Amino acid sequence: MIRDARVLRAGFVPREVEHRDAEVNHLSTVLEPITNGDPANTAIVTGPSGTGKTCISQFVTERLREEVIDVEATYVNCWRNYTRFRTLYQILDDLGKTIDIHRQSTPHDELIDRLQQYDGPRTVIILDEVDQLEDPGVIYDLHSLPQFAIICIANKEEELFSRVDDRLVSRLRSSEHVRMDKYHDEQLYDILHARVRWGLDEDAISDEQLYRIADAAAGDARLAIGMLRTAASKADRENHERITDDILLSSADDARAQIQQKSLDTLTPHQQVVFDIVRDHGPLSPSEIHDRYTENVDDPRTKRTVRTYLSKMAQYNLLDAEGTSRDREYTVIDHAALSSPE
DNA sequence: ACTCCACTGGAAATATAGGTCC
DNA sequence: GGACCTATATTTCCAGTGGAGT
């Protein structure tokens with residue numbers, strides 16, 4: 001039933017990108033100068049989740065590397081490497097320049113020096129989920145280095161700008177913006193159809209079922225492909241010839257749960273206790289949360305630290321914060337509820 | 001309209017974990 | 001071993017905000 005599992009995996013970059021010609025061309029044009037060894041402008045790619053931001057960024061850089069020999073590319077997910085140090089370290093690591101700095105006691109100035117002195121081929125650096133960065137100063141560090149072309153990927157442009165300092169804002173204003181919108185149902189169908197053609201058996205899934213996935217995903221291609229993947233692997237496990245409606249139904253929730261689980265996995269044990277409390281006991285004020293948390297854990301952190309946990313989880317879209325002052329209450333965001341048709 | 005106080009989030013101080021170097 | 005680095009996590013301190021209660 002599954003012919004090629006790779007095409008359904010999360011990070012897969014297809015050979016052809018559907019319905020994003022304008023955006024692909026725009027981004028290609030921005031990077032164009034580095035084919036002549038000239039510095040390229042910084043690109044900012046924004047749009048809701050699952051609109052193909054990461055996909056087209058990697059697609060464009062891969063195509064660039066096919067055309068030009070002397071170009072490298074590196075991809076950093078700022079969500080997992082959220083500090084300045086880790087981001088810079090990850091980049092150097094990809095460039096193979098960390099051989100003698102596997103030591104922990106390296107100041108981050110040293111890392112910047114390394115990057116400045118980098119004399120290898122021109123390199124495209126993709127900074128994904130850049131709005132999750134704790135200190136957006138990294139963008140500033142990299143922005144000024146001519147041998148690197150930067151692609152910044154973020155959900156909302158305003159949120160990105162509100163967190164960086166004024167000097168950087170004015171610099172970023174002159175950079176190229178590529179804005180992406182949610183896919184329509186037919187476009188999602190085309191994307192799914194292409195993946196099915198490459199990855200699944202001929203009759204594994206019907207057109208009507210693909211449209212149902214497209215509808216349930218509400219314009220989010222990552223979610224849609226996730227649903228297709230969970231459905232296909234479940235059908236495969238249970239030795240079905242094709243994906244049944246029952247399997248399809250359950251895979252929608254499974255796929256959502258998987259995406260939330262990914263965020264949950266990055267939380268520390270203390271943070272998970274806090275999340276569980278909010279999930280199990282409905283809307284709670286910060287002090288109620290802290291009281292319960294203190295009872296549930298051996299070595300409790302301070303209120304201030306728990307507050308930092310809460311705002312971090314709100315940023316990750318795990319929690320929702322209502323109210324600005326004394327009326328502040330936290331609730332979990334129910335991802336399944338997003339599925340109801342608008 | 002006025003005061004109170006829980007809550008927010010920035011900044012600085014401190015603690016911790018892990019490394020290098022001699 | 002000990003002296004001395006570092007990044008990162010947490011705590012301490014605090015000015016500012018705005019809802020709730022009078």
Side-chain angles (χ1 to χ4, degrees), chain A residues 76-117 127 129-142 156 158-169 263-279 281-333:
Chain A
V76 183
N77 190 320
C78 301
W79 188 57
R80 297 198 170 272
N81 305 280
Y82 49 88
T83 65
R84 196 175 181 181
F85 182 87
R86 284 191 199 167
T87 308
L88 293 171
Y89 188 90
Q90 174 79 56
I91 294 166
L92 278 167
D93 204 32
D94 285 350
L95 296 173
K97 292 288 176 183
T98 42
I99 322 107
D100 54 338
I101 43 172
H102 39 69
R103 46 184 183 174
Q104 193 72 272
S105 50
T106 310
H108 62 249
D109 286 356
E110 171 73 20
L111 299 187
I112 295 167
D113 284 349
R114 288 290 175 107
L115 283 171
Q116 257 162 6
Q117 283 154 25
L127 295 176
E129 314 209 42
V130 86
D131 38 5
Q132 296 294 341
L133 230 39
E134 197 178 70
D135 174 14
V138 201
I139 307 173
Y140 195 82
D141 295 336
L142 296 170
K156 285 183 189 160
E158 316 88 64
E159 269 176 42
L160 174 60
F161 281 147
S162 69
R163 300 185 60 236
V164 302
D165 73 8
D166 294 343
R167 281 190 308 172
L168 188 51
V169 168
S263 309
L264 248 28
D265 285 344
T266 68
L267 300 181
T268 65
H270 280 272
Q271 291 166 344
Q272 291 192 23
V273 171
V274 173
F275 179 83
D276 289 346
I277 287 168
V278 180
R279 187 192 52 201
H281 299 95
L284 286 174
S285 71
S287 43
E288 280 176 306
I289 294 171
H290 188 254
D291 286 348
R292 285 175 183 273
Y293 158 79
T294 310
E295 289 169 18
N296 275 293
V297 101
D298 278 342
D299 180 21
R301 305 287 184 260
T302 19
K303 262 187 156 177
R304 180 69 185 87
T305 304
V306 171
R307 234 182 292 149
T308 307
Y309 292 168
L310 288 167
S311 62
K312 185 180 167 186
M313 288 186 246
Q315 255 212 340
Y316 286 1
N317 274 314
L318 290 170
L319 296 183
D320 192 30
E322 192 114 10
T324 67
S325 179
R326 294 186 65 159
D327 55 337
R328 174 62 70 90
E329 275 183 339
Y330 289 93
T331 18
V332 299
I333 294 176

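Keep in mind the model is a prediction, meaning the values are calculated, not measured. Protein chains get the first letters and strands the later ones, always in sequence-line order, with residue 1 at the start of each.
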Can you tell me how far [atom2] of [N] sits from [atom1] of [X], to the nearest Å?
X: A:L284; N: B:dC7; atom1: CG; atom2: P; value: 11 Å
X: A:H290; N: C:dT10; atom1: NE2; atom2: C1'; value: 12 Å
X: A:L111; N: C:dC5; atom1: CG; atom2: C1'; value: 15 Å
X: A:E322; N: B:dA6; atom1: CD; atom2: P; value: 21 Å
X: A:Y293; N: C:dT10; atom1: OH; atom2: C1'; value: 10 Å
X: A:R86; N: C:dA7; atom1: CZ; atom2: P; value: 12 Å
X: A:D109; N: C:dA7; atom1: CG; atom2: C1'; value: 13 Å
X: A:E134; N: C:dA9; atom1: CD; atom2: P; value: 7 Å

Hey, are A:R292 and A:E288 close enough for a salt bridge, meaning a charged N less than 4.0 Å from a carboxylate O? no
Does [X] make a side-chain N or O approach to OP1 or OP2 of [N] shorter than 4.0 Å?
X: A:T83; N: C:dA7; answer: no
X: A:Y89; N: C:dT6; answer: no
X: A:Y82; N: C:dT8; answer: no

A:R301 side chain to A:D299 backbone, donor-acceptor under 3.5 Å: yes
Can any side-chain N or O of A:R84 pair as donor or acceptor with the backbone N or O of A:V138 at less than 3.5 Å? no
Proximal nucleotide (of B:dT8, B:dG9, B:dC7) relative to the A:S311 side chain: B:dG9
Those residues that, when tested against A:Q116, pass side chain to side chain contact (heavy atoms under 4.5 Å, CB included) (two or more places apart): A:I112, A:D113, A:L145
Indicate every side-chain donor-acceptor pair of residues 266-273 of chain A with a distance under 3.5 Å to a residue at least two apart or in another chain.
residue : atom : partner : partner atom : Å
A:T266  : OG1  : A:S263  : O            : 2.8
A:T268  : OG1  : A:Q271  : N            : 3.3
A:T268  : OG1  : A:Q271  : OE1          : 3.3
A:H270  : ND1  : A:Y293  : OH           : 2.7
A:Q271  : OE1  : A:T268  : N            : 2.8
A:Q272  : NE2  : A:L264  : O            : 3.4
A:Q272  : NE2  : A:L267  : O            : 3.2

Remember a base hit wins even if backbone is also touched, and classify A:T268 as base, sugar-phosphate or nothing at under 4.0 Å, heavy atoms. nothing
Letter per nucleotide, 5' to 3', of nucleotides 11-22 of chain C [B base touched, S only sugar-phosphate touched, - untouched; heavy atoms, 4.0 Å]: BBB---BBB---
Can you tell if the side chain of A:D141 reaches within under 4.5 Å of the side chain of A:L115, non-hydrogen atoms only? no
Given the ring of A:F275, does A:R279 sit roughly above its face, with NZ or CZ under 6.0 Å from the centre of the six-membered ring and within 45° of the axis? no
